[in-house]
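Reviewing the structure listed below.
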There are 2 protein chains.
Amino acid sequence: MLSRDRIVAAAISLIEREGADAVSMRRIAAELGVGVMSLYNHVPNKSALLDAVAETVLSRIEFTDDPSAHWTDRVRMQARAFRQIAHDFPRCTMVVVSRQLRSTAGLLPVERALATLRDAGFDGRQAVRMLRVFIAYIVGSLLREVGVTPTFAPVRPDVAVAEVDPALFPLVGEFAPDLMACDHEEEFDFGLELLVQAMAVRAEQAAGREGPHRR
Amino acid sequence: MLSRDRIVAAAISLIEREGADAVSMRRIAAELGVGVMSLYNHVPNKSALLDAVAETVLSRIEFTDDPSAHWTDRVRMQARAFRQIAHDFPRCTMVVVSRQLRSTAGLLPVERALATLRDAGFDGRQAVRMLRVFIAYIVGSLLREVGVTPTFAPVRPDVAVAEVDPALFPLVGEFAPDLMACDHEEEFDFGLELLVQAMAVRAEQAAGREGPHRR
DNA sequence: AAAGTACACGTACGGTGTACGTCTAGGAGG
DNA sequence: CCTCCTAGACGTACACCGTACGTGTACTTT
């Protein structure tokens with residue numbers, strides 16, 4: 001029996017196996033051994049199907065929030081949980097990131113993050129700003145990791161950097177070894193740490209300003 | 001007379017007017033008052049055309065690097081220059097960001113950034129890491145600004161946040177006013193400042209560690 | 001048994017990228 | 001001047017796409 005869930009699962013599987021470009025209604029139907037138009041009994045159109053894919057992948061994020069932990073550690077955990085989907089569904093990442101969905105699946109992470117940031121001592125305005133900085137960093141990192149936006153952080157730097165004219169780009173040539181090496185996890189954690197530490201400084205400032213008035 | 005440049009210009013114009021989805025070879029040909037297949041005398045295929053679009057837009061970035069300025073200001077200028085393309089070519093941004101091109105157009109910004117970071121006192125490894133963090137942040141920010149990835153930083157939060165059940169997402173409800181307000185430039189500069197300050201701390205550490213051995 | 005419904009499916013239409021062959025205008029060589 | 005060659009505009013054709021619409025069938029309800 002056909003069902004929305006089976007269709008979405010087939011779409012995700014197809015994307016992971018052959019890339020997002022390979023997705024077509026006909027292809028998915030064939031994958032399920034079913035006529036093309038049967039899909040439309042469960043999904044209104046292709047766009048909605050891709051939204052469902054994004055939502056499903058997003059809902060797979062496992063947040064193990066520990067409210068008793070220090071807020072910096074909670075931020076780290078949440079960021080890494082988010083990043084984990086890039087490993088579990090690498091080729092779906094672009095779909096998730098590029099699709100604007102307004103379901104509750106997308107709001108749960110926001111709720112969690114806001115709770116953590118408020119516990120860190122930020123007010124609403126600050127918390128939202130911090131959240132947005134983090135989301136921007138994470139999204140950008142995932143895109144690089146997944147293979148998009150590679151020009152500046154080469155995925156196959158061996159070909160990209162090696163051919164470069166050292167006269168035109170002396171520093172690119174000089175730093176080639178470092179540009180070519182890219183341990184994604186290490187890079188991600190480096191930026192994460194940078195942000196967390198910067199956030200901690202702001203948190204202290206925030207606490208200092210309102211501290212005297214507290215309680 | 002048809003030419004590669006005219007075709008690319010027509011594509012950019014079309015994307016800005018009607019969005020990336022409106023781009024088709026037939027549409028571009030019609031725009032130029034020309035037969036479809038004539039395009040293929042100047043462009044090998046649609047994918048290459050989109051690459052050319054990305055490259056052209058990217059090359060429009062105006063870097064006014066001032067080597068005499070403090071490195072933190074140079075970083076700010078470069079980041080803002082990059083962001084400027086999201087204003088000049090808003091609907092092309094997704095194309096630029098999602099296309100992996102390995103031309104020299106993408107290396108010039110890298111070269112400039114590496115020069116700045118080296119002047120800040122970072123060695124190759126550190127400079128590359130910092131660069132990647134910045135690129136991730138900028139790319140993520142542009143995507144939000146352009147209207148993609150809106151779930152976590154709603155573009156039309158009025159509809160997204162307003163309908164939310166405060167019982168399920170109390171903090172989203174509580175912070176709704178802050179979530180709904182989003183001055184893109186302000187948000188961008190906030191994160192930029194956060195990163196620059198965090199970088200400055202690392203730069204001092206780097207200088208401190210190797211300082212005694214210097215010169 | 002009759003009626004209604006849910007859903008799988010075929011056909012068809014207007015769109016897409018592009019391989020291939022043709023035609024024409026302009027320059028080069030005699 | 002005439003011929004030949006070539007660059008490039010163009011039409012046709014094919015395989016594929018999303019999906020509107022109508023039909024058939026199996027199952028549920030009355």
Rounded to the nearest 0.5 Å, the CG atom of A:Leu39 sits from the NE2 atom of A:His42 at a distance of 8.0 Å
A:Asp21 atom CG, neighbour heavy-atom count above 12 within 6.0 Å:
no
Using side chain to side chain donor-acceptor pair (under 3.5 Å) as the criterion, point out the one residue from B:His184, B:Arg76, B:Arg80 that pairs with B:Asp189.
B:Arg80
Over how many whole Å does the gap from A:Asn45 atom CG to D:dA20 atom C1' extend?
13 Å
Got a sec? Which of residues 9-30 of chain B come in under 4.0 Å of DNA chain D, heavy atoms?
B:Arg26
Just how far, in rounded Å, is C1' of D:dC27 from CE of A:Met1?
10 Å
By the side chain to side chain donor-acceptor pair (under 3.5 Å) test, which pairs, at least two apart or in different chains, include something from residues 2-13 of chain B?
B:Ser13-B:Arg17
DNA chain D contacts among residues 37-44 of chain A, heavy-atom distance under 4.0 Å:
A:Met37, A:Tyr40
Among C:dC7, D:dA9, D:dT19, find the nucleotide with the atom closest to the side chain of B:Leu2.
D:dA9
Is the backbone of B:Ala11 close enough, under 3.5 Å, to the side chain of B:Arg27 for a donor and an acceptor to pair up by distance?
no
The side chain of B:Val36 lies closest to which of these nucleotides: D:dG18, C:dA8, C:dT18?
C:dT18
Looking only at non-hydrogen atoms, find the nearest pair between B:Phe122 and B:Ala127 and report the distance.
CB-N, 3.8 Å
Do the charged groups of B:Asp51 and B:Arg99 touch, with an N to O distance under 4.0 Å?
yes
Interatomic distance, B:Arg129 atom CZ to B:Met199 atom CE [nearest 0.5 angstrom]:
14.0 Å
